[in-house]
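What follows is one structure encoded as C-alpha cells, with my remarks underneath.
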Amino acid sequence: MKNQFFQLSIATRDGQFIARYSAKGLAELRFPSVGRASPRAASRRRRGNESHFLNSELRTPNSELNGDSSRRLLQIPTHILRWHRATAAGLKSSLAGRKPKNLPPLDLAGTEFQKRVWNALRKISPGQTKSYGEVAQAIGKPKAVRAVGGACGANPVPIFVPCHRVLAANKKLGGFSGGLDWKRSLLAREGIEFNV
DNA sequence: AGGCTCATGACTC
DNA sequence: GAGTCATGAGCCT
C-alpha cells in the first residue's frame with residue numbers, strides 16, 4: 001500500500017485549512033475553500049497520481065484534532081498525528097504573523113527547478129520580502145524571473161513556503177495562488193508594506 | 001502614471 | 001513547437 005495520503009483539517013479563525021500528508025511529511029496545505037478551488041489547481045491535483053486519499057472524518061469545529069474517534073474511518077499513524085499537531089501550531093503562528101517553530105518535515109513534490117525556488121523562499125523570514133527577480137538571482141538563474149513566478153504558483157505548501165513574501169520589482173503585489181486577498185492579508189500580518 | 005514591446009526560462013498540451 | 005505565465009526593463013505618450 002504505497003502512495004497513501006492522509007488528509008486532516010485544521011480549524012482556524014480564518015477558516016478550515018486542509019493538510020495532506022505523505023509518508024515523508026506535509027505534502028500539501030490548502031487554504032479554506034471559499035467556493036470552488038481554481039479549476040487549474042484541481043486538474044493539476046487530479047493528474048498528479050493515482051494514489052487514493054484517506055480522508056479522516058474531522059467534525060469538531062474548534063479543535064484541530066478531533067477527539068471524537070467514533071467517527072473516524074481509519075487509523076491515523078501516530079507520527080502523522082504528531083506532524084499534524086506541529087502543522088496546526090505552526091499555521092496558527094504564521095497566521096498571527098510570527099515565525100513558526102517545529103514545523104513537520106515537508107515533502108514537496110516538484111521539478112528540480114521548483115524545489116530550488118521553494119528552498120530559496122523558505123529563507124525569507126517573516127517581515128522580509130524579495131522580488132521575483134531577486135529570487136531568480138538567489139538560485140543562480142537571474143533571468144528566470146517568470147519561471148520563478150510559475151514555481152511560486154505551483155507551491156503546494158503556501159504559508160510555510162512563503163510565496164506571499166515575493167513581490168514584483170516595484171513592490172507591487174504580483175499574484176497569489178490562494179487569491180490576492182490572502183496575500184494582502186498575510187503581508188499585513190507581518191507588517192510588510194507594499195504598493196497598490 | 002499608464003501602455004506597449006520584447007527578452008526570457010520553465011512548463012503544459 | 002506553440003502558447004502560457006504570479007516578471008522586468010526600456011521606451012514611449
So, does Lys99(A) use its side chain to make a donor-acceptor pair with the main chain of Pro126(A) at under 3.5 Å?
->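 Not confirmed, Lys99(A) side chain does not pair with Pro126(A) backbone.
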Is it true that a side-chain atom of Arg20(A) and a backbone atom of Glu28(A) form a donor plus acceptor pair closer than 3.5 Å?
->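 No; zero donor-acceptor contacts below 3.5 Å.
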Mind pulling the stems DNA chain C is in, i.e. runs of at least three Watson-Crick or G-U pairs, everything under 3.5 Å?
->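 Stem list for DNA chain C: B:1-7 with C:7-13, B:9-13 with C:1-5.
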Nearest-Å distance, [atom1] ([X]) to [atom2] ([N])?
X	N	atom1	atom2	result
Asn170(A)	dG10(C)	CG	C1'	14 Å
Leu173(A)	dT7(C)	CG	C1'	14 Å
Asn195(A)	dG8(C)	CG	C1'	15 Å
Ile139(A)	dA10(B)	CD1	C1'	10 Å
Leu167(A)	dA6(C)	CG	C1'	11 Å
Tyr132(A)	dC5(C)	OH	P	14 Å
Gln114(A)	dC11(B)	CD	C1'	8 Å

Ring centre gap for Phe31(A) and Trp182(A) strictly below 6.0 Å |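 Under 6.0 Å, so yes.
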So, do Trp83(A) and Phe160(A) have ring centers that fall under 6.0 Å from each other?
->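 No - the distance between ring centres of Trp83(A) and Phe160(A) does not fall below the 6.0 Å cut-off.
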Under-4.0 Å salt bridge between Arg98(A) and Glu190(A) =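 No, this pair does not count.
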Do the charged groups of Asp14(A) and Lys92(A) touch, with an N to O distance under 4.0 Å?
->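 Result for this pair is no, no salt bridge flagged.
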Pairs satisfying side chain to side chain donor-acceptor pair (under 3.5 Å), at least one member in residues 118-130 of chain A, at least two apart |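 Output for this query lists Thr129(A)-Lys171(A).
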What N/O pairs connect the protein and nucleotides 6-9 of chain B at under 3.5 Å? Give each pair on its own line.
unit_1, atom_1, unit_2, atom_2, d
dA7(B), N6, Arg146(A), NH1, 3.2
dG9(B), N2, Ala147(A), N, 3.4

If you round to the nearest 0.5 Å, how far is CZ of Phe17(A) from CD1 of Ile159(A)?
->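 These two atoms lie 4.0 Å from each other.
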Side-chain N or O of Thr111(A) less than 4.0 angstrom from OP1 or OP2 on dC11(B)?
->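 Yes, within the criterion.
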Check step by step if side-chain contact (heavy atoms from CB on, under 4.5 Å) holds for Leu121(A) and Cys152(A).
-> CA-CA 9 Å; Leu121(A) 298 191; Cys152(A) 290; 4.2 Å; yes
